[in-house]
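Below: one structure, written as structure tokens.
It should be emphasised that the depicted structure is a prediction, and the values quoted were computed from it without experimental measurement.
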Amino acid sequence: MTYKILRCFVLFTVGLLLINNSSAQTLGGGSIHGNFEANAQYYYRDTLIGAPAVPEKMMMNGFANFIYSNDNFAAGLRYESYLNPLQGFDSRYKGSGIPYRFISYKNDGLEVTVGSYYEQFGSGMVFRAYEERGLGYDNAMDGIRVKYSPIKGFYFKGIIGKQRSYFTTGPGIVRGFDGEINLNEAIESWAEHKTKIIIGGSFVSKYQDPADPLHVLPANVGCSGGRININHGGFNFSGEYAYKINDPDYVNNFIYKPGQGLIFNANYSKKGFALTLAATRIDNMDYRSDRNATINDLLINFLPVVTKQHTYALSSFYPYASKANGEMAWQAEMVYNIKKGTFFGGDYGTNLDINFSKANAIDKQQLNDSTPIATANTQGYTSKFFAFGREQYFQDINIEVSHKVSKSFKFVASYLNIFYNKNAVQGLAGYNSFTSNVTILEMFYKINDKKTLRMELQTLSNGSNLISLAGINLAGKTPSSDYSTTGIKQDDHDKWAMGLVEYSVSPHWFIAGLDMFIYSGDNKSSYSAPTSEVFSNFGKTGNLFAFLPNHYPNISAGYTHNANRFSIGYGKQRAGIFCVGGVCRTVPASNGFTFSVTSSF
Amino acid sequence: MIRKTILAATALLISSLMFLATAQDASKARKLPAVDVKTMDGGKVNTSTFSNNGKPMIISFWATWCKPCIQELNAINENYTDWQKETGVKLIAISIDDAKTSARVAPFVNGKGWSYEIFSDANGDFKREMSVNNPPHSFLLNGKGEIVWQHVGFAEGNEKELYDMLKLVAAGKPIPEQK
């Protein structure tokens, strides 16, 4: 492992030296650019929110990219360091190294990349290699990619490689081919057509040693897809269908049923008005280069969800994730801009966004009376293609109104009504499904050209269809109770509120403070620590917030200069996408200090 | 042994990178890389062909789920006509929405009433080549297509700074090193 890193390091360095020597004479310069990011956190044990004691006390994730490019030539690497990985990131990241390095060149419509690369075919339902650094997700390919466009309008891609898995690669080999034809480019007489049509097709196959004591397994599993995109003026339609041969794996419980996926999007828009409709049907489409991998490991394909991605703190409490084993989902959205000068438009206009989405299980019938659904080493189940399954996973009705009142004041108001089947969405057992109501008001007040005050007020309360399970009510717990042994925590009874104030001085500074708290619910702790205990603990650990029950306070400040950004924060955080000071990032739950540096050059 | 070799290799690498950096022709500033992005009707466009007839360009990375990005593009949109008249600038907004949300981009932009050129970078190829960490991240290019200034994040009022830089670039003046 160490030798492997060492080898690629030396090879890369030598490669750069070679380029270096030749560049001065033949290539004539070029440029180096890159970026850097480091996120560090100092952790406090916090029994109130279940934050464990972290032996390292302080941990950090950091990486830097360096890319050298010179006309048709490029080479780059990424050094990553996780010492040790921040809470919420997979512990297999532990360590440092150069897991990403590539060299590529382009020549007469041919592009060759060797080393690490990211790639996507169509919507990604057949193949997608990508990174999401904030989530710790990276399934980059390590191998060879060739892209070629022989004639106008025809685009081909070929890939082969192994997928990244933390600091190593997965056991399977992934090979694929993708072709796309842009008819308006390929057919000369169509060039000026108002209707634009693009068709595409892809085939991906994975190989993994089929030896297994329990199952008869296919060594090669192929997945193919076809897609079309039609555009006419403000109208756009795109659809993709994918079919995967039998692929028994851990996630589908080793059944032999082939997989199918269908996704389409239709939308119409003109200035100030838009209508979108999207739908998916996913059936047994889990596809990985290691059949024993789970969660987010070694995924070959990407199943896009058709639900809205919410970003406010309380609206992202209950996010939906697509279900590879079976899902039927659809979404409709309307965006409308009420013109200025009208009653609802006011002086500056009003933006209205109404969104609806729903996800259900697919229809699943037993093969026969004696075989339960998804029994290993069988076909698993039968399913009618167009029938909705009875179990509902998720539903979201939301409306957002943004309005600029005057030159210095504007607001965004939203309401969300979410049905959440926690067991199904998060793959858990023992939780209740519930309906969640969220209201949000965000306000901007411009003090002058440079100074702005931003405020958020949010509330979340869950519907009364929660049934308390006997014996697991955690009300009245004290900070000394050990969280990890209390079993299932029905924390969805709680009613939450949040307030945030952010003061920014453009272009460099911001400071923000927020408090997110439980104001009602079974889980609201009645405990309040004696003052002496608070101070003695503060003296011992330096952590003031650990004895503040029901609250998640957070204060932060940051400085930005062009492409460099520094920020520091202190408080308790819940998991989710979090935006302060103008940048969004996914953060895990914790209590402590955070430090962050991002830079780009 | 391994430690020593790694150390040596690191030293070699760093010196190599430094040599490369010094080997850069001073007259050859950083330009846009050649990466394919998608137009709103699904066609491919290479980013190296982005141009604005010798006038400045702004390239802004954003996403439909990124609130500050939308704030930024809204704030610029309010002044866009004036900026265009004064400097001839063109703003190219690169959406990094992936397949999850990329179909929302064109309707979203129309719903907002923005008049920018919009492209989709659904798998982050252009984002990576431009060394963008998190959106919003904006680049200012001069008439020769050279990247002369960049900025991450957005707070109300930041559009003023961008406008100041834009006026300098449009007048052919250099960007001050430190403000």
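- Lys127(B) does not touch chain A: none of its heavy atoms, backbone or side chain, sits under 4.5 Å away.
- Heavy atoms closer than 4.5 Å to chain A are found in the side chain of Arg104(B), but not in its backbone.
- Neither the backbone nor the side chain of Glu72(B) comes within less than 4.5 Å of any heavy atom of chain A.
- Side chain of Glu78(B) to main chain of Ile76(B): no donor-acceptor pair is present (N/O by atom type, distance under 3.5 Å, no hydrogens or angles).
- Here Asn133(B) is the residue among Asn133(B), Asp41(B), Asn158(B) with the most heavy-atom pairs under 4.5 Å with chain A.
- Contact annotation for Ser115(B): both backbone and side-chain heavy atoms come within less than 4.5 Å of a heavy atom of chain A.
- Looking at Val109(B), there are no atoms closer than 4.5 Å to chain A (heavy atoms on both sides), in backbone or side chain.
- Using the six-membered ring where Trp is involved, Phe66(A) and Phe601(A) have ring planes that are tilted, between 30° and 60° apart.
- Considering only heavy-atom pairs separated by less than 4.5 Å from chain A, the leading option among Lys31(B), Lys112(B), Met130(B) is Lys112(B).
- Aromatic ring orientation, His508(A) versus His561(A): parallel (interplanar angle below 30°, classes split at 30° and 60°).
- Among the candidates Ala106(B), Pro107(B), Gly42(B), the residue making the largest number of heavy-atom pairs closer than 4.5 Å to chain A is Pro107(B).
- Comparing Ser138(B), Ser48(B), Ala122(B), Gly124(B) by heavy-atom pairs within less than 4.5 Å of chain A, the highest count is held by Ala122(B).
- Asn74(B) does not touch chain A: none of its heavy atoms, backbone or side chain, sits under 4.5 Å away.
- When each of Trp149(B), Trp83(B), Tyr80(B) is paired with Tyr163(B), the ring pair (Phe, Tyr, Trp, His ring centres under 6.0 Å) condition holds for Trp83(B) and for no other.
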